[in-house]
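Protein chains get the first letters and strands the later ones, always in sequence-line order, with residue 1 at the start of each.
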2 protein chains.
Amino acid sequence: MDLFVSKYFYKIDKKGRISLPSSFRNVLPKANRNEIILYKSIKSPSIEGCGVGRLKEIAKRINNLDFFSEDYDDFSTSIFSEIVTTNVDKEGRFLIPEELKSYAGIKTEAAFFGQGHFFQIWEPKQGLKNTEDSRRRLLKEKKSLRMMLTQQK
Amino acid sequence: MDLFVSKYFYKIDKKGRISLPSSFRNVLPKANRNEIILYKSIKSPSIEGCGVGRLKEIAKRINNLDFFSEDYDDFSTSIFSEIVTTNVDKEGRFLIPEELKSYAGIKTEAAFFGQGHFFQIWEPKQGLKNTEDSRRRLLKEKKSLRMMLTQQK
DNA sequence: TGGGATTATATGGGCGTCAATGGGTATATA
DNA sequence: TATATACCCATTGACGCCCATATAATCCCA
């Protein structure tokens, strides 16, 4: 599977390390398995992460915004300048920078949520609440969620 | 046959393994026969499953949404983080994650119901009751059922 | 066509490997 | 030198891989 899926709840040890879920590590290209990028989500108090290869895709998406709009600058600044790269050690662990941890309210444990081509890291309780809220919003439009899941191509 | 059909009642062993019905395994493409995806059904206390190919289609659909919209996050979260992938071993068995088992009320045995392009896993009694209920609902509108079954394309 | 043989399927269990986690020590950086 | 981080080794429990068996289905040949 080459997508980030499912959710995982892991601990941060005394040294500040946390395991990147094994299934997430396998999504990263064998070449760059020891490096990921992290940045603050622009839509929620969470951290988003992905392989370095995805940077190009992010750039493309931002480029598709109207260059002269205020959004362009805002997104561009908020995302690019906030990106940090982190090394994954041989055991599959990495360090979450303090600034990102406090942005997400993370202390001693964190939850990983697969999001397809990237993943999010949340303070566990907030992360769970967020999934519930998302689902509640979508269920109001039952048809669309169902379509998304069952529609045939 | 390339559709999930019929129903099967199997046991979960001490290690938590359960056989994926042989006919279901044959529906999966020979390439990805050893991996399936599972997720909570939206409308019933059951688990739905299918091959990983379907997940890729879903990913494509979500990718087409506006990346910076709130809908994007809602779909992405509700789908990717709720989906789990599971490996099917050489004997055709796999593990149902605890969270999904408890969502469906499954303990030591489970029932598989073919649903065409996907399948459902139920706690046996509830699954049977559900089929009865569905059928009863359909029969109330006998006319439309008869039409459905006899109409030629 | 009948009946024995072969194959497939559902299920059980042993065992090695891997994943998540902890910690000691070396190396680097400020 | 002090603090942080990379590398190495260790532990525990879960999971994958392998082998085994019994029953059911299929095949094959006389």
### Query
Ring centroid separation for A:Phe112 and A:Tyr8, is it under 6.0 angstrom?
no
### Query
How close or far is atom C1' of D:dA22 from atom NZ of B:Lys11, stated in whole angstroms?
12 Å
### Query
Nearest-Å distance, CG (B:Asn34) to C1' (D:dC18)?
16 Å
### Task
Would you mind reading off the distance between B:Asp89 atom CG and D:dC15 atom P, rounded to a whole angstrom?
13 Å
### Task
Using whole Å, report how far CG of A:Asn87 lies from C1' of D:dT5.
10 Å
### Message
From CG of A:Leu95 over to C1' of D:dT3, roughly how many Å is that when rounded to an integer?
### Response
13 Å
### Task
For residues A:Leu38 and A:Glu48, determine if any side-chain heavy atom of one lies less than 4.5 Å from a side-chain heavy atom of the other.
no
### Query
Can you find a pair of side-chain heavy atoms, one from B:Asn130 and one from B:Phe113, that are under 4.5 Å apart?
no
### Electrostatic pair A:Glu132-A:Arg135, nearest N-O below 4.0 angstrom
no
#### Entry: side-chain N/O B:Ser22 vs C:dT9 OP1/OP2, d < 4.0 Å
yes
### Task
Go through the N and O atoms of the side chain of B:Arg93 and the base of C:dG12, and report whether any donor-acceptor pair is under 3.5 Å.
yes
### Task
May I ask you to evaluate whether B:Lys15 reaches the phosphate of C:dG13, defined as a side-chain N or O under 4.0 Å from OP1 or OP2?
no
## Note on the structure
Checking C:dA20, C:dG14, C:dT9 against the side chain of B:Tyr10 (C-beta onward), the nearest is C:dT9
### Task
Can you tell me the distance, in whole Å, between the CD1 atom of B:Ile36 and the P atom of D:dG16?
12 Å
### Query
With distance as the sole criterion, do the side chain of A:Glu91 and the base of D:dC9 form a donor-acceptor contact below 3.5 Å?
yes
#### Entry: Whole-Å gap separating P (C:dG24) and CG (A:Asp13)
12 Å
### Summary
Taken to the nearest whole Å, CZ/A:Arg17 to C1'/D:dC9 is 12 Å
### Message
Quick check on C:dA10: is either OP1 or OP2 less than 4.0 Å from any side-chain nitrogen or oxygen of B:Arg25?
### Response
yes
### Query
Salt-bridged, B:Glu98 to B:Lys101, with N to O below 4.0 Å?
yes
